[in-house]
Amino acid sequence: GFSPLGKRRRNSVTVWTPLQMAQLEVLKERTDKIEEVYIEFKAREKEKLVHLRESCEDFEVKVRERLVAAEQEALDRVLTQKGKLLKDKEAELNRELDAMGYMAIQTEDRVIAHHKDVLR
């Protein structure tokens, strides 16, 4: 406990000198001030935590968006390559048919190879 020097006892009742009362008052004010500062500090730390959590969530969302975009890009690349391969194969097939005197004709649902002489 708080036991300042120069405390006089009178019938076991503590009597404070004016100086001690003033010191006690200063001490009380300091304690109040410390408490005030601590409460402000806690509030600021809590705010920082909230901020940090929001930043983390934002980052997570950005990362997820980037992943989705990257997957989409990869898929687009694959589809583009496959499309190019198909076009190349088609061109190759058409050249082969042409060399044999045939022509590929696209109908509603399929490609038919007709002999050129038949088409004339």
Checklist entry - Sequence neighbours excluded, which residues qualify as side-chain contact (heavy atoms from CB on, under 4.5 Å) partners of Glu73? => result Arg77
Next on the checklist: Enumerate the ring pair (Phe, Tyr, Trp, His ring centres under 6.0 Å) contacts for residues 73-108, please, sequence neighbours excluded, ordered by first and then second residue.
Outcome noted: Tyr102-His115
Checklist entry - Of all residues at least two apart in sequence or in a different chain, which pass the side-chain contact (heavy atoms from CB on, under 4.5 Å) check with Arg30? => result Val26
N/O donor to acceptor pairs below 3.5 angstrom from side-chain atoms of residues 38-53, sequence neighbours left out:
unit_1	atom_1	unit_2	atom_2	d
Glu45	OE2	Lys48	NZ	3.1

Checklist entry - Going through the distances and angles, do Lys84 and Gln81 end up as a side chain to side chain contact (heavy atoms under 4.5 Å, CB included)? => result CA-CA 5 Å; Lys84 194 181 172 308; Gln81 284 169 344; 5.7 Å; no
Checklist outcome for this item: For Asp32, the side-chain hydrogen bond (donor to acceptor under 3.5 Å, both in side chains) test, sequence neighbours excluded, returns Lys28
Checklist entry - Please, which pairs that meet ring pair (Phe, Tyr, Trp, His ring centres under 6.0 Å) have at least one residue in residues 61-84, sequence neighbours excluded? => result none
Item to check | Results of side-chain contact (heavy atoms from CB on, under 4.5 Å) for Ile34 - residues two or more places apart only | outcome: none
Item to check | Beyond-backbone contact of Leu19 with Gln23, side-chain heavy atoms, under 4.5 angstrom | outcome: yes
Next on the checklist: Please list all pairs meeting ring pair (Phe, Tyr, Trp, His ring centres under 6.0 Å) that have one or both residues in residues 56-101, counting only residues at least two apart or in different chains.
Outcome noted: none
Item to check | side-chain contact (heavy atoms from CB on, under 4.5 Å) partners for Asp98, two or more places apart | outcome: Lys116
Item to check | Sidechain N-carboxylate O distance under 4.0 Å for Asp58, Lys62 | outcome: no
Item to check | Set of salt bridge (charged side-chain N to carboxylate O under 4.0 Å, His left out) partners for Lys33, sequence neighbours left out | outcome: Glu36
Checklist entry - Atom NZ of Lys89 and atom CG of Leu85: how far apart are they, to the nearest 0.5 Å? => result 7.5 Å
Checklist entry - Can you name the side-chain hydrogen bond (donor to acceptor under 3.5 Å, both in side chains) partners of Glu60, sequence neighbours left out? => result Arg64
Next on the checklist: Which residues pass the side-chain hydrogen bond (donor to acceptor under 3.5 Å, both in side chains) test with Gln72, not counting sequence neighbours?
Outcome noted: Asp76
